[in-house]
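This one's a predicted model, so the numbers in the text were calculated from it and none came from an experiment.
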There are 2 protein chains.
Amino acid sequence: MARRKDHTPQQLKALILSSASAMVALHGRDGLTARALASAINYSPGTIYNFYQDMDALILDVNYETLGHLHDFCRLRIAPLPPALAKVSALAYAYVDFAFLNTRAWESVFAPARRSDSDDQSMPLPQYYQDRLAEIFFMIESTLHECLAMPVAVAQPAARLLWACLHGITVLTLNGTLDLVGVDEPHAMIDDLLGNYLAQYLGGEGSEPPGRRI
Amino acid sequence: MARRKDHTPQQLKALILSSASAMVALHGRDGLTARALASAINYSPGTIYNFYQDMDALILDVNYETLGHLHDFCRLRIAPLPPALAKVSALAYAYVDFAFLNTRAWESVFAPARRSDSDDQSMPLPQYYQDRLAEIFFMIESTLHECLAMPVAVAQPAARLLWACLHGITVLTLNGTLDLVGVDEPHAMIDDLLGNYLAQYLGGEGSEPPGRRI
DNA sequence: TATTTAATTGAACATTGTTCAATTATGTGC
DNA sequence: GCACATAATTGAACAATGTTCAATTAAATA
């Protein structure tokens with residue numbers, strides 16, 4: 001069968017991507033195999049390779065979609081909120097909530113990159129993918145700028161640090177490492193982190209007297 | 001050839017483990033294949049399976065060793081230091097430094113666990129492995145307790161948070177995500193984090209006036 | 001209707017982890 | 001020393017990966 005009119009090329013590529021995303025979301029990166037995907041969409045393995053150079057390229061597109069969803073998820077959560085610390089918290093909550101609601105997909109995005117070029121050199125990420133990562137950073141940075149009146153020169157490194165901490169909280173909570181050592185709600189950890197790290201930036205909004213906030 | 005006296009069983013198991021560790025350290029988890037390991041130690045693939053149920057069990061032992069090295073590395077760094085904030089910093093520095101000096105091995109430890117039991121259920125980590133993870137946590141907790149006079153009830157959640165943040169800083173720096181968004185030295189990020197998050201606990205030791213420390 | 005075009009196939013190859021009957025080096029008993 | 005027993009080691013074989021590409025065949029075109 002060739003050029004069957006079941007799907008246009010665009011439709012078929014979309015079908016491959018969406019099915020792949022579904023498989024990753026359900027069974028993780030390792031659950032996505034060329035043969036399983038092919039049979040899921042009723043095509044043969046070879047067809048996939050007409051649209052993606054290799055499985056890694058497909059996974060990259062899946063991860064690219066996931067990053068988009070993460071971005072949207074966070075933006076929708078914080079959009080209606082007034083500029084205040086609570087908005088920064090909401091953004092942080094959204095980040096970990098998304099990871100918990102989309103465990104496998106999220107892991108696939110942040111798993112140590114397998115993108116190796118047959119030698120040991122790992123290939124750089126394509127520009128459009130880098131841009132999407134940067135979008136997430138900008139979301140954090142601009143939220144800090146907006147909510148806490150941080151000058152850009154301060155908001156930038158603060159956003160990097162905040163992202164990193166958020167990321168670590170998410171990872172260690174997701175994989176259960178923190179459970180071994182006396183549980184912790186990620187939201188509570190975020191409260192602790194923001195309440196203290198950002199202490200100096202908390203102006204009016206009912207700021208308690210100095211001291212550890214729980 | 002059977003029962004060749006090249007190595008006693010203990011020696012052979014040690015040889016397998018150390019060669020596997022070397023391969024992981026050099027080429028990452030994916031660089032460790034049964035056949036490559038077998039030929040590296042001049043045995044056949046089957047022999048490995050006399051000592052490890054499967055490759056995952058071997059990798060777990062490799063990771064267990066890596067965690068031990070991480071622990072030792074940090075302890076040696078902070079051992080001589082007097083109890084003060086600088087000791088907490090040194091511990092944090094050591095954590096990321098180790099990750100940078102042992103990238104592949106460290107990634108193997110903290111990669112999303114592949115330990116799945118053929119179904120979707122991921123097996124729990126063996127107790128001795130959990131204990132070694134807990135050791136790292138205790139090292140952080142006791143350092144906070146010792147250096148900043150934190151009561152245990154405070155040091156415990158603080159140590160979890162600090163670990164998570166450290167971990168995130170390490171991950172996002174290692175995989176280059178932060179580079180895409182305006183570099184940052186992990187040590188500088190740690191300074192920022194500790195200097196502000198722990199601000200309230202900084203007593204004498206030349207504490208600057210309140211405000212963001214860089 | 002015949003011919004061209006190109007999309008799709010699926011068998012084939014290399015490389016994984018893993019198993020296990022066959023092999024063979026060592027230890028034991030005579 | 002020799003024969004036998006023991007068990008460590010082997011490596012061919014199996015299933016499942018990703019990936020390729022000549023052959024096939026449906027659709028477009030003449």
Separation of D:dT10 P from B:Phe51 CZ (nearest whole Å): 10 Å
ring-ring contact (aromatic ring centres under 6.0 Å, His included) partners of B:Phe98, counting only residues at least two apart: B:Phe73
Among C:dT9, D:dG18, C:dT18, the nucleotide that comes nearest once only the side chain of A:Met55 is considered: D:dG18
Summary of protein contacts for nucleotides 12-17 of chain D, nucleotide by nucleotide, where a base hit scores B, a sugar-phosphate-only hit scores S (4.0 Å, heavy atoms): -B---B
Side-chain touch B:Thr103/B:Leu174, heavy atoms, less than 4.5 angstrom: yes
Value in whole Å for how far the P atom of C:dA25 lies from OH of B:Tyr43: 13 Å
A:Asp192/B:Tyr197 under side-chain hydrogen bond (donor to acceptor under 3.5 Å, both in side chains): CA gap, chis, key distance, verdict: CA-CA 9 Å; A:Asp192 183 12; B:Tyr197 172 73; 2.7 Å; yes
Residue list, side chain to side chain donor-acceptor pair (under 3.5 Å) with A:Asp72, at least two apart or on another chain: A:Arg75
Inter- and intrachain pairs under salt bridge (Lys or Arg N to Asp or Glu O under 4.0 Å), touching residues 131-146 of chain B, at least two apart: B:Lys87-B:Glu146
Whole-Å distance separating the CG atom of B:Leu37 from the P atom of C:dT18: 13 Å
Sugar-phosphate, base or nothing in reach of A:Leu12, heavy atoms under 4.0 Å: sugar-phosphate
Nucleotide C:dT16, atom C1' - distance to NE2 of B:His27 in whole Å: 17 Å
For residues 183-190 of chain B, dump all side-chain donor-acceptor pairs below 3.5 Å to protein atoms at least two apart in sequence or in another chain.
| from | atom 1 | to | atom 2 | distance (Å) |
| --- | --- | --- | --- | --- |
| B:Asp184 | OD2 | A:Arg160 | NE | 2.6 |
| B:Asp184 | OD2 | A:Arg160 | NH2 | 3.4 |
| B:His187 | NE2 | B:Asp97 | OD1 | 2.8 |

N or O in side chain of A:Thr47 less than 4.0 angstrom from C:dA7 OP1/OP2: no
Value in whole Å for how far the C1' atom of D:dG11 lies from CG of B:Asn50: 13 Å
Between D:dG18 (P) and A:Leu58 (CG): distance, integer Å: 10 Å
Would you be so kind as to tabulate the donor-acceptor pairs closer than 3.5 Å made by side chains of residues 31-47 of chain A, with sequence neighbours excluded?
| from | atom 1 | to | atom 2 | distance (Å) |
| --- | --- | --- | --- | --- |
| A:Thr33 | OG1 | A:Ala36 | N | 3.1 |
| A:Ser39 | OG | A:Ala36 | O | 3.4 |
| A:Tyr43 | OH | A:Arg4 | NE | 3.4 |
| A:Tyr43 | OH | A:His7 | ND1 | 3.0 |

Interatomic distance where CD1 belongs to B:Ile16 and C1' belongs to D:dT9 [whole Å]: 11 Å
Separation of atom CD1 in B:Ile48 from atom P in D:dA8, rounded to whole Å: 17 Å
